[in-house]
Amino acid sequence: MINIPKGTKDVLPSDSYKWHYVEGVARDVAALFGFKEIRTPTFEHTELFLRGVGETTDIVNKEMYTFEDKGGRSMTLRPEGTAGVARCFIENGLQQGVLPMKAYYLASVFRYERPQNGRLREHHQFGVECYGSDSPSADAEVISLAYEFLQRVGVKGLELCLNSIGCPDCRAKFNEALKAYIGDNLDAMCATCRERFQKNPLRILDCKEEGCRRIVAGAPKITDFLCDDCKTHFEGVQELLSAAGIPFRIAPMIVRGLDYYTRTVFEFTSNQIGAQGTVCGGGRYNNLVEQIGGKHMPAVGFGLGIERLLLVLENADIFAADPECVYLYIAPICAEARPLAQQLTNAARALGISAETDIMDRSVKAQLKYADRAGAKIVAVIGEDELARGAFKVKDMHTGEERETQIDEFLADPSRALGL
RNA sequence: GUGGAUAUAGCGCAGUUGGUUAGCGUGCCAGGUUGUGGCCCUGGAGGCCGUGGGUUCGAGUCCCACUAUUCACCCCA
């Protein structure tokens, strides 16, 4: 028995409609906002993620699926979606094209993690990227898109947490202030925080260790250190969100784990799905394009975890019945009826009416039972009687009502014969 | 990488202080109704009790190791 790799999930035929639903809403909402789909490779040169995502991040340090290909190149399955899009943007000269460049993707990403509820080694993201604007309007637009998507898909009780981590200038000042504040307490902090203290002090705010949290509790806030431009920007985003009627909470502790973020960072979180509550995370990354070899280009976007979203949706019981079930089932119950059943089935299909017939050589009873389980809306039974009469009855599986249908009429126009 | 829990039929579970052919629910197949689903009744198929060792006359049950799953930490979607 060979089983599924750790941290991956099968989507069974009986569940795929849930994915289609979520992906459909994602595409619809993206289109409503004027975003077009972008598709980039599943793997990239490892170098891209080292430079793009940041060498101090956990993702790059210990979670990448990196391998050497047969040509001796180091390749990595994408651990997130943004870097690949940025590479694509530069490589295709899109900075010379129409700006803003607004794109979305639905793709799987890979991280070598210890799986748990809401955390997988392969998961899927609905991601959105907007290039070319440094205006707060772009931040608000992207957050609005996420919000609209979540509304439409039917989730309730998600909280939008918002913060600004400033630009490299104000962050440097903040880092100094934070270091000064921690000062002698550094020895009392956890090992990772002591390391963060040197490499990326901001991330100390993100530590969950009880001791570290206590030390950091009264620490200065990044928002008090923003330079004038960053401050104005952050206020602009808040004003636009308020005007759009999108509720949010300022959360000075959220800093996010990818190095490319500047200024705005945000998360949509749920408290319904266990410890991994972040369903959507994103922000602005004005320096990413430059970091991987392009010209300076402001950008903002988010990634939204489909599996986690589905956990929330299933939790809220929003899936009633599979809407993708076959409409018509035709049950031949003697050998002579089979060719006709096949013909009727194909006539329906030709008009776009989903239809199936028996391929198991089963009894009437078994066929009806199957039609019921398959969720067929109406069923027709064809036997010697019907062949002789040139007509059959279609039965509504929900109400049990039957109506007479002429075989000729059905073959001529299945849609009309069924009263559609 | 760290810690806890669990592992018996496709799925969900029971299995007494160790005792002989390992059960229940559900799902699946068939029959009751020789041409009609759902409800009901009857029957059937389907298990090397995670793997390997040990204790014992005897292990699903006790001990050890391994593996897998899972939850949490960490991190993130």
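Order of the sequence lines fixes the chain letters, A, B, ..., with proteins taken first and strands second; residue numbering starts at 1 for each chain. The structure presented is a predicted model; accordingly, all values stated were derived computationally and were not measured.
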Residues in residues 312-324 of chain A with a heavy atom under 4.0 Å of RNA chain B, by number, are none
Kindly say whether A:I165 contributes a backbone atom to a donor-acceptor pair with the side chain of A:R171 at under 3.5 angstrom? yes
query: Will you find, in the side chains of A:Y260 and A:E80, an N or O donor that is under 3.5 Å from an N or O acceptor?
result: yes
(Q) Centre-to-centre under 6.0 Å for A:F392 and A:F410, is that the case here? (A) yes
(message) I'd like the P distance from B:rU8 over to B:rG1, given in whole Å.
(response) 25 Å
The single option from A:K9, A:E23, A:E307 that satisfies side chain to side chain donor-acceptor pair (under 3.5 Å) with A:H124 is A:E307
Q.
Using a heavy-atom cut-off of 4.0 Å across all strands, would you classify A:V279 as base, sugar-phosphate, or nothing?
A. sugar-phosphate
How far, in whole Å, is B:rU34 from B:rG27 if one measures between their P atoms?
24 Å
Value for CG (A:N163) from NZ (A:K221), rounded to nearest 0.5 Å, stands at 10.0 Å
note: A:E402, atom CD; B:rG35, atom C1'; distance rounded to Å ~ 11 Å
From the list A:I222, A:T223, A:D224, A:L226, side-chain contact (heavy atoms from CB on, under 4.5 Å) partner of A:F174 resolves to A:I222
If only side-chain N and O atoms count, and only distance matters, is there a donor-acceptor pair under 3.5 Å linking A:T8 with A:E122?
no
message = Strictly below 4.0 Å: does A:Q116 bring a side-chain N or O up to OP1 or OP2 of B:rC73?
response = yes
(message) Once you apply a heavy-atom cut-off of 4.0 Å, does A:L309 come out as touching a base, just sugar-phosphate, or nothing?
(response) nothing
Could you list all N or O pairs between the protein and nucleotides 1-9 of chain B that sit under 3.5 Å apart?
unit_1	atom_1	unit_2	atom_2	d
B:rU2	O4	A:R114	NH1	2.6

message: Regarding A:R111 and A:Y65, do their side chains bring together a donor and an acceptor under 3.5 Å, going by distance alone?
response: no
Side-chain-base donor-acceptor pair under 3.5 Å for A:Q276 and B:rC75:
yes
From CG of A:D372 across to P of B:rG37 the rounded distance in Å is 10 Å
ask   = Is the NZ or CZ atom of A:R121 positioned over A:Y112's six-membered ring, under 6.0 angstrom from the centre and within 45° of the axis?
value = yes
Classify A:G274 by what it touches in the nucleic acid, base, sugar-phosphate, or nothing, heavy-atom distance under 4.0 Å. sugar-phosphate
Look at the side chain of A:N92 and the backbone N and O of A:L94, then say whether any donor-acceptor pair between them is shorter than 3.5 Å. no
note: A:Y370, atom OH; B:rG38, atom P; distance rounded to Å ~ 16 Å
Could you walk me through whether A:T278 and A:T269 satisfy the side chain to side chain donor-acceptor pair (under 3.5 Å) test, starting with their C-alpha distance in whole Å, then the side-chain angles of each, then the deciding distance to 0.1 Å, before giving a yes or no?
CA-CA 4 Å; A:T278 303; A:T269 59; over 6 Å; no
Paired runs of 3 or more consecutive Watson-Crick or G-U pairs involving RNA chain B, with both pairing distances under 3.5 Å, are B:1-7 with B:67-73, B:10-13 with B:23-26, B:28-32 with B:40-44, B:50-54 with B:62-66
Using the ring centroid of each side chain, check whether A:F89 and A:Y131 are separated by less than 6.0 Å.
yes
Using the P atom in both, what is the distance from B:rU67 to B:rA9, to the nearest Å? 22 Å
Contacts of A:K377 meeting salt bridge (charged side-chain N to carboxylate O under 4.0 Å, His left out) (sequence neighbours excluded), chain-then-number -> none
Between NZ of A:K393 and C1' of B:rG35 the distance, given in whole Å, is 12 Å
Closest heavy-atom pair, A:I38 versus A:C88, reported as atoms and distance to 0.1 Å, is CD1-SG, 3.8 Å
Will you find, in the side chains of A:T264 and A:D139, an N or O donor that is under 3.5 Å from an N or O acceptor? yes
Touch check for A:G281, heavy atoms < 4.0 angstrom, all strands: base, sugar-phosphate only, or nothing? sugar-phosphate
Closest of B:rA72, B:rG35, B:rG37 to the A:E384 side chain is B:rG35
Review point. Using the benzene-type ring in the case of Trp, are the ring centres of A:Y329 and A:Y370 under 6.0 Å apart?
Key: yes
Note: contacts of residues 53-63 of chain A with RNA chain B (heavy atom, under 4.0 Å) are A:D58, A:E63
Whole-Å distance, A:N117 CG to B:rC75 P, equals 18 Å
Item to complete: Answer yes or no: is there an ion pair linking A:D15 with A:K18, defined by an N-O contact shorter than 4.0 Å?
Response: yes
Rounded to whole Å, CE of A:M397 lies from P of B:rG37 at a distance of 9 Å
Keeping the roles fixed (side chain from A:T399, backbone from A:E401), state whether a donor-acceptor pair exists under 3.5 Å. yes
*asked:* Once you apply a heavy-atom cut-off of 4.0 Å, does A:D385 come out as touching a base, just sugar-phosphate, or nothing?
replied: base
**Message:** For the P atoms, the ones on B:rC41 and on B:rG46, what distance do you get once it is rounded to whole angstrom?
**Reply:** 24 Å
- Given the C1' atoms of B:rG23 and B:rG60, what is the spacing between them in whole Å? 12 Å
Separation of B:rG10 atom P from A:D10 atom CG, nearest Å, is 16 Å
Rounded to whole angstrom, note down the C1' distance from B:rA59 over to B:rU16.
15 Å
Span that lies between the C1' atom of B:rG31 and that of B:rG19, in whole angstrom:
38 Å
Item to complete: Describe the nucleic acid contact of A:L304 in one word from base, sugar-phosphate, nothing, applying a heavy-atom distance below 4.0 Å.
Response: nothing
Of A:V379 and A:R308, the one whose closest nucleotide on RNA chain B sits nearer the 5' end is A:V379
**Asked** Charged N to carboxylate O below 4.0 Å: is that the case for A:R249 and A:E159?
**Response** yes
Please give the distance between the P atoms of B:rC57 and B:rC71 as a whole number of Å.
43 Å
(message) Considering every strand and a 4.0 Å limit on heavy-atom distances, what is the contact class for A:A275: base, sugar-phosphate, or nothing?
(response) sugar-phosphate
Under 3.5 Å, N/O pairs linking protein and nucleotides 26-33 of chain B:
unit_1	atom_1	unit_2	atom_2	d
B:rC28	OP1	A:R373	NH1	2.3
B:rC28	OP2	A:R373	NH1	2.6
B:rC29	OP1	A:R362	NH1	3.1
B:rG32	N7	A:K365	NZ	3.4
B:rG32	O6	A:K365	NZ	3.0

When all nucleic acid strands are considered with a 4.0 Å heavy-atom cut-off, which category describes A:E122: base, sugar-phosphate, or nothing? nothing
Atom CD1 of A:I378 and atom P of B:rG37 are separated, to the nearest Å, by 18 Å
